[in-house]
Amino acid sequence: MSLAISRAPMPVNEPVRSYAPNTRERASLQARLQQMSAETIEIPLCIGGKDVRTGKLGRAVMPHRHAHTIAQFHQAGTHEVQQAIDAAVAAQHDWARLPWEARAAVFLKAADLLAGPWRDTLNTATMMGQSKTCHQAEIDSACELIDFLRFNVSFYEQLLREQPRSSSGMWNRVEHRPLEGFVFAVSPFNFTAIAGNLPSSAALCGNTVVWKPASTAVYSAHFIMRLFREAGLPDGVINLVTGSGGEVGDPVLESRHLAGIHFTGSTRVFHQMWRKVGDNIDKYVSYPRLVGETGGKDFILAHRSADADALVAAIVRGAFEYQGQKCSAASRAYIPSNLWPQAKDRLVAAVEGIRMGDVADFSNFMGAVIDANSFRTQANAIEEAKSAADASILVGGGCDDTEGYFVRPTIIQTTNPSYRTMCDELFGPVLTVHVYDENQWSETLDVVDRTSSYALTGAIFAQERYAIEQGLERLRNAAGNFYINDKPTGAVVGQQPFGGGRASGTNDKAGSILNLLRWISPRTIKETFAPPHDYRYPFMG
Ligand code: NAD
């Protein structure tokens with residue numbers, strides 16, 4: 001019973017630590033790195049609050065040193081998936097009936113634990129398992145996840161306060177009920193914050209969850225689960241099942257209790273899941289909510305009035321930080337002919353100067369790509385460009401997977417704005433540049449809009465206000481997150497709600513109240529204080 005109308009604590013974005021030389025935070029993180037790198041752990045599933053071991057083991061490695069095993073993880077089969085569904089369904093009654101403040105307190109506590117004693121552990125796990133530099137880990141697994149946890153509580157309170165008017169003689173209320181059934185959270189490898197947010201945002205709203213992380217990110221997922229448990233998450237509210245996508249996914253999508261999917265990953269996988277839900281539609285208790293944030297082919301478009309230095313800095317950061325493996329990473333750029341001579345030289349110099357290697361060496365700007373599959377995708381695209389008539393390698397192009405899956409930051413230059421790598425998502429450190437006639441700005445806006453099926457992020461660089469306004473208008477549907485004179489990456493929770501349209505997703509804006517709306521099913525209650533005692537209306541008199 002709640003005897004108060006509580007207010008959520010006012011969230012502020014978690015400050016980013018610098019890890020500069022001679023800081024305490026750097027020493028502490030390096031010590032934790034050393035300690036965790038020396039261990040190989042075993043990762044069980046977590047079902048109904050219990051560790052479950054199946055004996056069917058997968059191997060988690062460091063992408064930058066793939067011979068180094070950091071964990072053996074147990075993989076679920078159909079039996080464990082069913083157990084996880086049963087545990088989620090069984091936990092729903094009690095979890096949904098807790099006062100909202102009690103559920104919120106679990107996640108606020110998790111945020112505080114992560115901001116404090118857990119910070120080094122989750123940052124280290126993300127560095128080791130996903131090959132992020134300390135800065136990339138800090139802005140993801142520490143700051144962004146803390147922000148998701150704190151801001152979502154505040155958004156949830158805002159949502160609960162959303163109530164209808166009442167005319168005289170009645171009281172209208174809306175209850176923001178959780179969905180009837182469980183939510184299936186399926187997370188990608190590239191952001192620890194997304195992995196933590198997909199199950200926790202739905203759980204905050206009173207839902208219970210079966211959570212399947214990417215096999216290449218089980219290491220950090222394991223620590224997220226431990227963090228939630230330490231924060232007091234009750235048994236069965238979030239059930240962690242690791243394993244192959246289809247083996248876990250297919251039986252989950254068959255369950256009549258499936259109430260929603262909270263997915264982030266590739267467009268291909270989301271299409272598959274959507275199709276299966278369609279095939280199973282007669283089986284479900286309710287229409288499952290389908291929320292998917294998917295692929296991108298994010299652009300940077302420069303106008304002839306653009307500031308060339310700002311453009312070059314944005315391209316380098318936007319395309320190559322975290323090896324181009326951010327869904328928002330710039331992977332196609334359109335540069336006007338008047339700026340190209342100076343931009344080209346600066347770009348080549350900057351990209352040649354990028355240090356890449358083991359992320360435990362803090363002087364590196366980049367680590368390795370996630371796995372052998374991604375390595376092959378990048379290497380193939382680079383080889384293709386080397387022999388293409390309408391493309392060439394401007395800088396980079398080196399690939400070496402002897403020790404880790406290393407791909408040098410690469411810029412392909414093409415004369416063909418429809419060249420394959422201007423259209424297809426590679427999800428790696430490969431940017432394709434097309435130089436256009438500076439007098440063809442208007443035509444180029446059409447090209448940018450039409451080239452790819454995706455519409456996630458995009459940036460325009462221009463000093464002329466008319467050009468900026470034209471870009472905003474003509475590219476209205478080309479990106480869900482649009483940047484003016486800034487790189488297209490680095491969205492901050494509570495500041496730039498994130499998500500895209502077209503083939504990039506359902507655009508349900510993670511890190512905003514709009515996302516939480518998908519995890520509730522409102523019930524409207526009308527109470528009449530003095531009901532009429534006669535069915536006849538005055539006009540009948
Ligand atoms: P992925 O699609 O390969 O995998 C995502 C998740 O789906 C993983 O957990 C995977 O195991 C699971 N999966 C695979 N097949 C499945 C099936 N049949 N049933 C159920 N689950 C299944 O994506 P990834 O390689 O982990 O991540 C990279 C992709 O994610 C890129 O396309 C990127 O653009 C996208 N992404 C998008 C956003 C966004 O906000 N739009 C954010 C991050 C990543």
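Because only heavy atoms are used, hydrogens play no part in the values below, and waters and symmetry mates are left out as well, while side chains stay in. Whatever order the structure lists them in is the order used to number ligands and atoms, beginning at 1.
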Salt bridge flag under 4.0 Å for residues [X] and [Y]:
X    : Y    : value
E247 : K56  : yes
R65  : E403 : no
D282 : R256 : no
E138 : R119 : yes

Which residue and atom name correspond to the protein heavy atom nearest [atom], and how close is it?
atom                    : answer
atom 8 (C) of ligand 1  : S187 O, 3.3 Å
atom 41 (N) of ligand 1 : T294 O, 2.8 Å
atom 24 (P) of ligand 1 : F189 CD2, 3.7 Å

Shortest heavy-atom approach to [atom] - which of [options]:
atom                    : options          : value
atom 29 (C) of ligand 1 : G295, A221, G265 : G265
atom 34 (O) of ligand 1 : E247, Q272, E425 : E425
atom 22 (C) of ligand 1 : G245, S328, G500 : G245
atom 42 (C) of ligand 1 : C327, S266, A329 : C327

* To do: Ignoring angles and geometry beyond distance, decide whether R268 reaches within less than 3.5 Å of ligand 1 through its nitrogen or oxygen atoms.
  => no
* N/O of A214 under 3.5 Å from N/O of ligand 1, yes or no? -> yes
* So, for H66 and Y405, is the gap between ring centers shorter than 6.0 Å? -> yes
* Verify whether the ring centers belonging to F228 and F107 lie closer than 6.0 Å. => yes
* To do: Tell me, with the steps shown, if H262 and W211 meet ring pair (Phe, Tyr, Trp, His ring centres under 6.0 Å).
  => CA-CA 9 Å; H262 203 187; W211 169 32; over 10 Å; no
Taking heavy atoms and a distance under 4.0 Å, where does [X] meet ligand 1: side chain, backbone, both or neither?
X    : answer
A217 : neither
F263 : side chain
F427 : side chain

* **R268 atom CZ, over 12 foreign heavy atoms within 6.0 Å** => no
Those atoms of ligand 1 less than 4.0 Å from some heavy atom in [X]:
X    : value
P213 : 9 (O)
V186 : 6 (C), 7 (O), 9 (O), 12 (C), 21 (N)
T264 : 5 (C), 36 (N), 37 (C), 38 (C), 39 (C), 42 (C), 43 (C), 44 (C)
I194 : 42 (C), 43 (C)
P188 : 26 (O), 27 (O)
F498 : 39 (C), 40 (O)
N190 : 43 (C), 44 (C)
L456 : 41 (N)

* Is the NZ or CZ atom of K212 positioned over F184's six-membered ring, under 6.0 angstrom from the centre and within 45° of the axis? -> no
* **Distance-only polar pair, side chains of K509 and N481, donor-acceptor under 3.5 Å** => yes
* Under 4.0 angstrom from atom 4 (O) of ligand 1, is there any protein heavy atom? -> no
* What is the distance from atom CZ of F461 to atom OH of Y334, rounded to the nearest 0.5 Å? -> 15.5 Å
* How would you list all residue pairs meeting side-chain hydrogen bond (donor to acceptor under 3.5 Å, both in side chains) that involve residues 237-246, not counting sequence neighbours? -> none
* Structure fact -> For R408 and V351 the tightest heavy-atom approach is NH2-O, 3.2 Å
* Residue-ligand contact S215/ligand 1, heavy atom below 4.0 Å -> no
